Novice: 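Please see the structure below; I have some questions.
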Protein chains: 2
Amino acid sequence: MAVKKKGETRAEDAPRRSSGDMPDLDGRKAAILNAIVTEYIGTAQPVGSQHIVDAPGVHVSSATVRSEMASLEREGYLTQPHTSAGRIPTDKGYRFFVDSLEGPGPLDPARRQQVRTFFDAAHGEIESMLEQTSGLLADLTDCAAMVVAPPHDAQGIRSVQLVGMSARTALVVVVLADGVVEKATLDLRDDTDDAVLAAAGSHVAAHVQGRTLTELPAELAPTGDRSADAVVADTLAILSQMSGGEARDQLFVGGSSRMAAAFDAVETVRSVLSILEQQLVVVSLLRDVLDRGLSVAIGTEHGYEPLASCALVVMPVSVDGEEAGTIGLLGPTRMNYPQALAAARVVGETLGQRLAESGRR
Amino acid sequence: MAVKKKGETRAEDAPRRSSGDMPDLDGRKAAILNAIVTEYIGTAQPVGSQHIVDAPGVHVSSATVRSEMASLEREGYLTQPHTSAGRIPTDKGYRFFVDSLEGPGPLDPARRQQVRTFFDAAHGEIESMLEQTSGLLADLTDCAAMVVAPPHDAQGIRSVQLVGMSARTALVVVVLADGVVEKATLDLRDDTDDAVLAAAGSHVAAHVQGRTLTELPAELAPTGDRSADAVVADTLAILSQMSGGEARDQLFVGGSSRMAAAFDAVETVRSVLSILEQQLVVVSLLRDVLDRGLSVAIGTEHGYEPLASCALVVMPVSVDGEEAGTIGLLGPTRMNYPQALAAARVVGETLGQRLAESGRR
DNA sequence: GTTCAGCACTCGATAGAGTGGAGTGCCAGC
DNA sequence: GCTGGCACTCCACTCTATCGAGTGCTGAAC
């Protein structure tokens, strides 16, 4: 398993946008490389020297461009599918291109409007809004889009309730400040009647209300009823299990159908789609990329082999300054990075505001 | 929109397995047709006359088979991609084949064991079990699998609770007998404090507990508090919206990555995948096919153009004799029908039993 | 010492010709 | 009515030729 463990940040292979550690390519080479990437993103065809003589920052003859391209190839930024074909960017080439973008750049007006319209119309439960947001992102970028819901850890508890389901099981229903309702089954040690359950429930509720799932007391004062106390203890244990762990993060994936046309090889399509079906893998992948301080992971940078021909754009969503949830975009390495970054930024920010408004009491 | 409205049952174009309305093909023709379908399902290659001379029920020379094939083609059961190629079944051919299967047939032992192992290990919330069931079905059949959760209508209400979220909104949290927790936002007409909310909540709870979402009273006796009464009325309205409507049916789709290899044309793959992303379309499609009394819809039989090159296997899941939830399998028209039907039946029955056990108090 | 026009060269993509073979339809004979 | 035989069809494949987009290199100009 190549997905890195949390916290294993490696500064040396985590390129940033800071100008300091940018590999030195003189202005013309950089312009040529960026022109090739831009052209290739648009056409998906190998780019010949002739095509970019008029690109901004270039304006030299194709012969000169050729010699620069040969040099860029030696340095590992470009490859040729075969002799006498144009050049294609390598992952390193894309990396340079992405690092060269100064800031995420603006989103084009049409898409900006689309985002505005979407969030103006958005309503209803948080889950369906996040689900729809993944669809919006896919529409905007033509990538598969992922939205990880804010973790529950930081959310205050609004309500805890115990509902008897059968003689030996009850349901713990927790309402959190952001409107998310969590539930878990509680196996009762003894037959417990509804009155005891209700008592235990309100005892727990009284002591945890307002706290977050990570600030739970280890135990509560006895209620005086022995069987209720057992239920209280078990309920507390269940509550503490509700926080934390990538396994509990809710994931919404939209637009995975767009992967069908993104790769030539059917097998690649199949394997990428099957990865998108694995919630846990996707969540830990996003988490990992984010932890390494990247906003874009190209090719094998995320270290996850099956996605070697993909690039991943990751954007944290912050609500009132707190990091809450994540946005991800998955496409072929030749995806439109400026557009994807811009869309992710705008949607992320707007979503963050939206969540902040709805969470405010 | 070609998806039929609920209830628009058309008996005349809903072929059944009953022997009465089977189009007359003499035994040999039927054997030849079924042999061709079987062969084509296995190889995805046009089937020549030579390949099926040894099939059971045939045993005539290839020349005779050829003349029968020509006849079957005239009658619309087969086509040729081009002259001098073998034959491919038409949708009508598949339909005959499916109608010829007497009963769903047994599932092979390995798969049967896989189902048993799965349900022995299955635990946890109903939603995650259904989600995993869709993955199981996909594994068993190499199709995309759909599981529609049982509708809430018939479920008894275990608990209703009102939780204040902000000054003007509250969350209605309903726990149903099968362990499903539904929620909806309630917009309050006036600022309402938590005590009033709680009072209104328990008033509603007391009067609806045990009833189903479809058996709600139109109004309740006044509580004596005017603002509480308003909340009670609004809560009742919200509860009644929770039942019914395909829009509320929860859908789990698994194994859609398998569609990548199912069709030659990338565009077909893309459009099929994009349909699988549209929950409402899928649910109403399944509902519609079921309402027409079909368990298999081949090609355009379901009337939904974009899935013309697909076949759909539908199986109702019954819990204690009540129809509850649906299983669906989507594959290319050349899917393995016997296997798909057998898997759907076994999984459907086992799932039904499982749900019955967990729902019993 | 860059830059660039010119030139020979490479090699995939495309088209056309030829061939093999899997398949057909038809027919005469049993 | 079934079947072996036969002529025919046409896709799939290979081989060849051609085209052209692209390259690398070189020598002259600035």
Side-chain angles (χ1 to χ4, degrees), chain A residues 24-33 35-90 93 264-265 334, chain B residues 24-33 35-90 93 264-265 334:
Chain A
D24 11 310
L25 288 183
D26 65 59
R28 194 171 66 186
K29 264 190 184 164
I32 288 174
L33 178 51
I36 290 174
V37 174
T38 306
E39 175 89 4
Y40 185 68
I41 284 173
T43 63
Q45 297 295 323
V47 181
S49 55
Q50 190 61 39
H51 280 117
I52 53 166
V53 290
D54 292 329
V58 182
H59 293 301
V60 286
S61 77
S62 65
T64 309
V65 171
R66 276 201 293 283
S67 95
E68 297 285 48
M69 281 163 79
S71 161
L72 283 167
E73 181 167 0
R74 276 191 300 276
E75 296 168 51
Y77 294 98
L78 298 174
T79 22
Q80 275 181 301
H82 55 84
T83 351
S84 90
R87 287 338 198 270
I88 285 179
T90 60
D264 293 334
R334 57 154 207 283
Chain B
D24 12 310
L25 287 183
D26 64 60
R28 195 171 65 188
K29 264 189 183 164
I32 288 175
L33 177 51
I36 290 175
V37 173
T38 305
E39 174 90 3
Y40 186 68
I41 283 174
T43 64
Q45 296 295 323
V47 181
S49 55
Q50 190 60 41
H51 280 115
I52 53 167
V53 289
D54 292 330
V58 182
H59 292 300
V60 286
S61 76
S62 65
T64 309
V65 171
R66 277 202 291 284
S67 96
E68 296 285 49
M69 282 164 78
S71 162
L72 284 167
E73 179 166 3
R74 277 192 300 275
E75 294 168 52
Y77 294 99
L78 298 173
T79 22
Q80 275 180 303
H82 56 82
T83 350
S84 89
R87 291 331 201 274
I88 284 177
T90 60
D264 294 334
R334 58 155 205 284

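A note on names: the letters A, B, ... follow the listed sequences, proteins ahead of strands, and every chain is numbered from 1. This is a predicted model, so every value here is computed, not measured.
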Novice: Can you tell me the distance, in whole Å, between the CE atom of B:M69 and the P atom of C:dT24?
Specialist: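 Going from CE in B:M69 over to P in C:dT24 covers 5 Å.
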Novice: Can you name the nearest heavy-atom pair linking A:S71 to A:K29, along with the distance?
Specialist: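 Where A:S71 meets A:K29 most closely, the heavy atoms are OG-NZ, 2.6 Å.
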Novice: Each nucleotide N or O in nucleotides 17-19 of chain C that has a protein N or O under 3.5 Å away: list the pair and distance.
Specialist:
none

Novice: What integer distance in Å separates B:I32:CD1 from C:dT24:P?
Specialist: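 To the nearest whole Å, that distance equals 11 Å.
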Novice: What pair of heavy atoms forms the shortest contact from B:Y40 to B:Q45, and how long is it?
Specialist: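 Scanning both residues completely, I find the closest heavy atoms to be CD1-O, 3.0 Å.
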Novice: Do B:M69 and B:L33 make a side-chain contact, defined as non-hydrogen atoms from C-beta onward lying under 4.5 Å apart?
Specialist: no
Novice: Going by heavy atoms closer than 4.0 Å, what residues in residues 40-58 of chain A are next to DNA chain C?
Specialist: none
Novice: Measure from the side-chain N and O atoms of A:S49 to the backbone N and O of A:V65, and report whether any donor-acceptor pair falls under 3.5 Å.
Specialist: no
Novice: What is the separation between atom CD on A:E68 and atom C1' on C:dT2, rounded to the nearest whole Å?
Specialist: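 It works out to 10 Å between those atoms.
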Novice: Minimum heavy-atom separation for A:G86 to A:P81, with atom names?
Specialist: O-CD, 3.4 Å
Novice: For A:K29 and C:dT3, give me the distance from atom NZ to atom C1', rounded to whole Å.
Specialist: 15 Å
Novice: Please name the pair of heavy atoms, one in B:A31 and one in B:P56, separated by the smallest distance, quoted to 0.1 Å.
Specialist: CB-O, 3.9 Å
Novice: Is there a side-chain contact between A:R87 and the phosphate of D:dG22, meaning an N or O under 4.0 Å from OP1 or OP2?
Specialist: no
Novice: Can you find a pair of side-chain heavy atoms, one from B:R87 and one from B:V47, that are under 4.5 Å apart?
Specialist: no
Novice: Rounded to the nearest angstrom, tell me the gap between atom CD in A:E73 and atom P in D:dC25.
Specialist: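 It is 12 Å, rounded to the nearest whole Å.
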Novice: Just by distance, do the side chain of B:Q80 and the backbone of B:A85 share a donor-acceptor pair under 3.5 Å?
Specialist: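 Present.
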Novice: Can you name the nearest heavy-atom pair linking A:R28 to A:V60, along with the distance?
Specialist: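 Looking at all heavy atoms of both residues, the closest pair is NH1-CG1, 3.6 Å.
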Novice: Is there a side-chain contact between A:S61 and A:V53 in this structure, where contact means two heavy atoms from C-beta onward sitting under 4.5 Å apart?
Specialist: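 The answer is no, as the side chains (C-beta and beyond) never meet within the 4.5 Å cut-off.
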Novice: Measure from CZ on B:R74 to C1' on C:dT24 and round the result to the nearest Å.
Specialist: 13 Å
Novice: Whole-Å distance between C:dG23 P and B:L78 CG?
Specialist: 15 Å
Novice: Do the side chain of B:T90 and the main chain of B:T79 share a donor and acceptor less than 3.5 angstrom apart?
Specialist: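 Such a contact is absent between B:T90 side chain and B:T79 backbone.
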Novice: Which pairs, protein N/O on one side and nucleotides 5-13 of chain C N/O on the other, fall under 3.5 Å?
Specialist:
residue : atom : partner : partner atom : Å
C:dG6   : O6   : A:R66   : NH2          : 3.3
C:dT10  : O2   : A:S84   : OG           : 2.8
C:dC11  : OP1  : A:T83   : OG1          : 3.1
C:dC11  : O4'  : A:S84   : OG           : 3.1

